[in-house]
Amino acid sequence: MAAKICWGSLALLRIVWCLLPQTGYLHPDEFFQSPEVMAGDILDLEVYHPWEFVSSSPCRTVVFPLITSGVAFWVIKSLQQLGIWPNSINSYTLLVSPRLLLTAFSFTLDYCVFQLSPFWGADQWSALALLAGSYVTLIFYTRTFANTFEGLLFALLLLLVSSREGTCTSAIRQANPVVNSFIGFITVAGFFNRPTFLAFALLPLLYWTGVNATSPQKIKTITNHLLKLVPSAAFTAVIFITADTLYFTSAESATGLSITPFNFLNYNLNPHNLAQHGTHPRITHFAVNGVMLFGILHISAISSGLKILKRNIHPFPWIRADNRRPVPVPVPPEGSCMLLAFYFVPLALLSLFNHQEPRFLIPLILPLVLLTAQQNKVLKWKAVIIIFNIFGALLFGCLHQGGLIPCLFHLEQLIHSPKSLHHQAHYTLLFTHTYMPPRFLLNMSKKEALVKLIDVAGAEEKVLCQTLGELAYNVTWEDKETDTERTCHCFVIAPGPMRTTIQKCQFLFKNEILIFPHLTMEDPPQLSFLLSKKWKSELGLYILPIVELETV
């Protein structure tokens, strides 16, 4: 009963925290691979189109952004046009509506865990409580990442390949044609979403073919089962290729068929291209990212794997001793072996690439919670698990780049205030040492060129001061020569640790605004400042209105 109440409370928290909303900014891909693009297409807002969606060589399918952010934006647009919800399009709804849809989809994980737990010998409600209490579920599975859909499809694939007829020791069943179709659909859909899905799908597919290999001619039987996936897989591929081709092909520049996964692979298999996004040691997933995401659960899985390797030389339950008699498939220890394999094999395959980010591993939460609940380690590490996930939720859900979203909310209200609209004021926004700001949250129509957004990323002091000088001159010149009745405003948005650097550029600011909290790991505050009276300013994001060049 306690586990049921715990899961229910955490499920409610997942929804409520989405609506608040969460202010943490995890990674630019959260916005620039879905809502930023769809806001421009559906709502005709001023946006930035990332390189993955360039029509000459698109690397991302448009299907998943369309069924998430696209659907969410179409709903709020329709509500506004029909007069049901006037002014429904604002920075809050633009942020929350796609996230709310993803939050609803995230309960697919809970359903899969509930169904899979009996098969793998795990306690259902303990596994659900572990899943719902993980900050990975609370934070990552409520955001518009392609990795989120990768995790949902991986969970559905595990559900399909696992038998739900009796216990694990029941007779090996024949393949179900409906299951075959869904497996083919999910595998291809996952591949188009992210080609790395094959790393997650490989072992479940091998497990499925092995379970259904009932004749002595195993290779022939496995081949026949795989061939049964071809019709649904081909049909799914046609749907994705058609949708992408229609989206990326325009009358001005015909590009032929758009097969986005091949473009993705062609780009990422080039070491030079991959280096532009950051390179990491191949042990990063195993030694750093796994611990960062899953904490003690990852460490416990490593310990369990080492113990099983010592006593079991046949970790895969479908391996047969001979061609006549299949080996039984009991849960302990073979079930643990399979769950460990579902966890570590994808991790190992993803580790072959030098570009390794924590979010790439979020699909692995499902086999990990099943393994932990199966081995009844929840109570043993309960306190550690709770503290770890509270810390992770606060760090990534509130602190990490946490001032940027409220900053855009504030600027959106300022730009659309009656005073600004009456005077048709121009705004120039300079962002420095922050993540790339999603332009769609400013809610600016493409027809209105009233906002100029400049992102200088991690520019050095000399470059930053030079840019500010040119900006102040151009704004003054434009104000006087173009339209004397139109006021121009210039704002610098920078984290607390950068405020001193900006002051060296000899500009005057007034009515500056501090948004708290905001933690940038690229420019972390010094410990001495955190222990002083200035700690709040160091953990904040400043909006600095430029007044004039300081006369020296």
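Here the structure is a predicted model, which is why all the values come from computation and not from measurement.
- For W535, the ring-ring contact (aromatic ring centres under 6.0 Å, His included) test picks out F516, with sequence neighbours left out.
- Not counting sequence neighbours, the partners of S97 by the side chain to side chain contact (heavy atoms under 4.5 Å, CB included) test are A72, F73, I76.
- Remark: S69 pairs with S34 by the side-chain hydrogen bond (donor to acceptor under 3.5 Å, both in side chains) rule, at least two apart or across chains.
- Annotation: the span from T148 atom OG1 to R194 atom CZ amounts to 10.5 Å, rounded to 0.5 Å.
- For L269, the side chain to side chain contact (heavy atoms under 4.5 Å, CB included) test picks out L265, F353, with sequence neighbours left out.
- Every ring-ring contact (aromatic ring centres under 6.0 Å, His included) that F64 has, sequence neighbours left out, goes to F149, F240.
- Pairs engaging residues 493-507 under the salt bridge (charged side-chain N to carboxylate O under 4.0 Å, His left out) rule: R499-E512 [sequence neighbours left out].
- Taking both residues in full, the closest heavy atoms of L514 and G540 are given as CD1-CA, 3.7 Å, listed atom of the first, atom of the second, then distance.
- Below 30°, between 30° and 60°, or above 60°: for Y48 and F32 the angle between ring planes is above 60°, a perpendicular geometry.
- For the ring-ring contact (aromatic ring centres under 6.0 Å, His included) with H400, the qualifying choice from Y135, Y25, Y435 is Y435, the only one to do so.
- Among residues two or more places apart in sequence or in another chain, the side chain to side chain contact (heavy atoms under 4.5 Å, CB included) test is passed with V384 by I296, W381.
- Looking at S351, its side chain never comes within 3.5 Å of a backbone N or O of I283 through a donor-acceptor pair.
- Taking L274 as the reference, N268, H355 meet the side chain to side chain contact (heavy atoms under 4.5 Å, CB included) condition, with sequence neighbours excluded.
- With sequence neighbours left out, the ring-ring contact (aromatic ring centres under 6.0 Å, His included) criterion links F53 to no other residue.
- Remark: H49 pairs with no residue by the ring-ring contact (aromatic ring centres under 6.0 Å, His included) rule, at least two apart or across chains.
- Salt-bridge formation is not detected for the pair R359/E150: no Lys NZ or Arg NE/NH1/NH2 atom is positioned less than 4.0 Å from an Asp or Glu carboxylate oxygen.
- In this pair, W7 and F107 present their aromatic rings perpendicular. The plane angle is above 60°, beyond the 30 to 60° band.
- Screening residues 14-24 for salt bridge (charged side-chain N to carboxylate O under 4.0 Å, His left out) gives R14-D110 as the qualifying pairs, with residues at least two apart or on separate chains.
- Pairs engaging residues 453-469 under the salt bridge (charged side-chain N to carboxylate O under 4.0 Å, His left out) rule: none recorded [sequence neighbours left out].
- Nearest heavy-atom pair across E538 and P497 is O-CD, 3.5 Å.
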